[in-house]
Structure formats: structure tokens, C-alpha cells
Amino acid sequence: MSKIILSGDRPTGRLHIGHYVGSLRNRVRMQNEEDYEKFYVMVADAQALTDNFDNPQKIRENVIEVVLDYLSVGIDPNKVTIFIQSEVPALTELTFYYMNLVTLARLMRNPTVKSEISMREFDNSIPSGFLNYPVSQASDITAFKANCIPVGADQLPMIEQTNEIVRKFNSIYGDVLVEAEAFIPKTAIEGRVPGIDGKAKMSKSLDNCIYLSDTKEEVKRKVMMMYTDPDHIKITDPGKVEGNMVFLYLDLFVNDSHFEKYLPEYKNIDELKNHYRQGGLGDVVIKKFLINVLEDVLEPMRIRRKSYEDNIERVYEIIKEGTKSANEVANKTLEEVKKAIGINYFSDNTFLEEIKEKY
Ligand code: TRP
């Protein structure tokens, strides 16, 4: 079966290196290396509203930020259809029919939804729109018959829920929808990059992120205050590598050529770690090295971003065109879905024939 790839992000803030490692890097690799029929990336503004309905301005502002982040990491609008969720009405319509195929209890059991509910302290006042966002996500995926979903590991329950809806739909109404498979990063740490403070996940609200759009000065400042090993006080003290954010980030980004370029005294990351463990290697040396390694990744993004920012009308056209072509595909699936259910009264003559025969 040919591959149809789809992924998306909620526009609730600028994207950071956690997003990059967890999913964006994978998407760019797939875009350039894999064989696929279609590749969609969606700005999930309607889903973002399910827990930001009282702050729509935030969503509106971040739509363009997220699109610029996509373009700056190297997502190529000639290969990938970038579109805005809320501007594809078929998605909302599909959601309404899929809602019949999911119980309230099943939605409450979705582990990602569960942890989000407790995080947001909804208690007993959960908006029903929020509880239903996994159903809407099933629409996002099935509307495009997408079968390959590159996402972070936290999205696995969504794909599972989608596939349950697909099976239920197909068994009741006939084979229309396609099951999907999630592609998640290989290591757990890639799926859950901790913040520069060493705390849980990189998150906007904890102010512990390195954003893809940070300036060189911001990156420097953030790396210099990064959590390392609190017991590594004097340079000569032995240092700990585990739980040390500088080494954790190096593991995510470094390769041997970085050593040749920026730290030729060492051949590779193992030599650097050994020296740190033994003592005699200061935090400033490893932090400066990490700044260079990160800049190798971020500087090309900044350049690309700047060229798109200087052509912002072109960016507007990219998402407008992408949304138009997304609508064509989603409308076609919606037609098939309505036909399968038998609520396609005016799409052809069959309904008219039926009532004429009856009366
Ligand atoms: N739930 C995803 C997130 O929070 C965003 C998303 C919405 C998505 N619809 C999707 C991801 C469809 C993949 C496929 O990051």
C-alpha cells in the first residue's frame, strides 16, 4: 500500500528543540528519504481551541509562528501540503459522525487525555469539546486516509483510538476508512526531552525551553544556565554525566565531526564523558561545545526562517494553497463516509428513486 503521511501540532506557542527531536526531525527525514504518495502537515488550531477556547488570540498568533517553524526546519512546501485544521470543515463534520462510535468511558480512559485533564485541573468541569479531541484527531487522520503518523510517543493513545473508530466504522457501514500506524522516535529521551533546568518535559509554562527561533544570544544564555551536576564544584572534582543536561543534549545532537570542528582534543562523546567523570573537565568547556553543536543545527534554521519572514505573503499563499488542496481530499472522504452511512440525499439520484418508488 502506498504511504500517506500526516502529522500536526497545536499552535499554542513557538516550537522548541523538544518538538524537533521528538517529531520534526523525523518528518524532514521522511520528506527527503522516503517513498510516499502524499505528505500532510496540519496546524491543529481547532484542537488547540479545545483547551484554549477563552484565549483565541493566542491560537491566532501562533498559527503563523508554527508554520514558520515548519518551514525553517526544512519542511518543503513543494513536497508537503501544509494546512490549517479549522479551515477544512469536513473534519468537523466527520467528527460528529465518529462521536457515535466512541463511548464516554473510553474517552475518559485515554491516558493522554487523562493526564491532560489532571494537569489542567478541569476537575468535574471538563469541556465536552476537550474530551472529544481524540475523535477529532481521528477525523484529521482518516479524512486523508493517512497510514503513517510521525509523532511523539504521547500521541500513541490517539492513534489507537483512531484505529478503534476505523474498525468500528468499517464494520458497521462498510470498508471506507484506513487504519494508521504511528512512527515515534527510537529512544524514550527523544520523545521526552527535559528542559534546561533538568525538570520534566520542556514546556513553555515552565520557561525551560530552547526555541527553534531563539537568537544565538538566547541559546548561549540558556546553555550557560543549564543544569549540570550540582556536586561538580571544582573543576578537579569528578562529574556526573547521568542527569546532566549538557550531556543529555549532546547525546541528542552531537556527531564525531563536531569534535573535529570544535573540540579536537577529543575524538568522540565517550572520550569527553570519560574525562568529565574522572574530573579535570570544567562545565564551561562542555557548555561552549554544546553551544557550537546546537548552533550547527539552529543557524541554518534561522537563515531559512529569515528568508520566509521577508516573504511573508508567500507564506500566506503556501498555507492558503495547502488548505485548498486539503479540502479537496477531505471532502471526497466525507462524501464516501456519508454515502456509506446513507446520508447522501442529494449527491445522486438514489434517494429520489427510493421515495418515488415508495409513494
Ligand atoms: N495532538 C497532536 C499534538 O498535540 C496534534 C494533532 C492534531 C495531530 N491532529 C493530529 C498529530 C493528527 C498527528 C495527527 O501534538
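Whatever order the structure lists ligands and atoms in, that order sets their numbers, starting from 1. Remember, it's a predicted structure, so these values are computed and weren't measured experimentally.
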Which of the atoms in ligand 1, numbered in the order shown and given with their element, are less than 4.0 Å from a heavy-atom of Met42? 7 (C), 9 (N), 10 (C)
Pairwise distance CZ(Phe130) to CG(Leu107) - rounded to 0.5 angstrom: 11.0 Å
I need the Thr112 OG1 to Tyr133 OH distance, nearest 0.5 Å. 6.0 Å
Atoms of ligand 1, numbered as shown, that sit under 4.0 Å from any heavy atom of Val151: 11 (C), 13 (C)
Atom 14 (C) of ligand 1: closest protein heavy atom, distance to 0.1 Å, is Leu6 CD2, 3.5 Å
For ligand 1, which atoms, with element, lie under 4.0 Å from some heavy atom of Ala44? 7 (C)
Option passing side-chain contact (heavy atoms from CB on, under 4.5 Å) with Val254 (candidates Val293, Asn268, Leu290): Val293
Within 45° cone and under 6.0 Å: Arg25 NZ/CZ vs Phe253 ring: yes
Atoms of ligand 1 less than 4.0 Å from Ile149 heavy atoms? 13 (C), 14 (C)
Shortest protein heavy-atom distance from atom 7 (C) of ligand 1, along with the residue and atom involved: Gln47 NE2, 3.2 Å
May I ask you to identify, for Gln155, whether its side chain, its backbone, both or neither come under 4.0 Å of ligand 1 on a heavy-atom basis? side chain
Protein residue, atom and distance nearest to atom 9 (N) of ligand 1, heavy-atom basis: Asp140 OD2, 2.8 Å
Ring center gap for Phe83 and Phe144 short of 6.0 angstrom: yes
Does a side-chain N-to-carboxylate-O contact under 4.0 Å join Glu34 and Arg29? yes
Have Glu336 and Thr333 got a donor and an acceptor in their side chains that come within less than 3.5 Å? no
Ranked by distance from atom 4 (O) of ligand 1, the top protein heavy atom is Arg10 NE, 3.4 Å
Side chains of Asp296 and Tyr262: is there a donor and an acceptor less than 3.5 Å apart? yes
Any heavy atom of Gln85 under 4.0 Å from ligand 1? The part involved is neither
Residue, atom name and distance, where the atom is the protein heavy atom closest to atom 8 (C) of ligand 1: Gln137 NE2, 3.4 Å
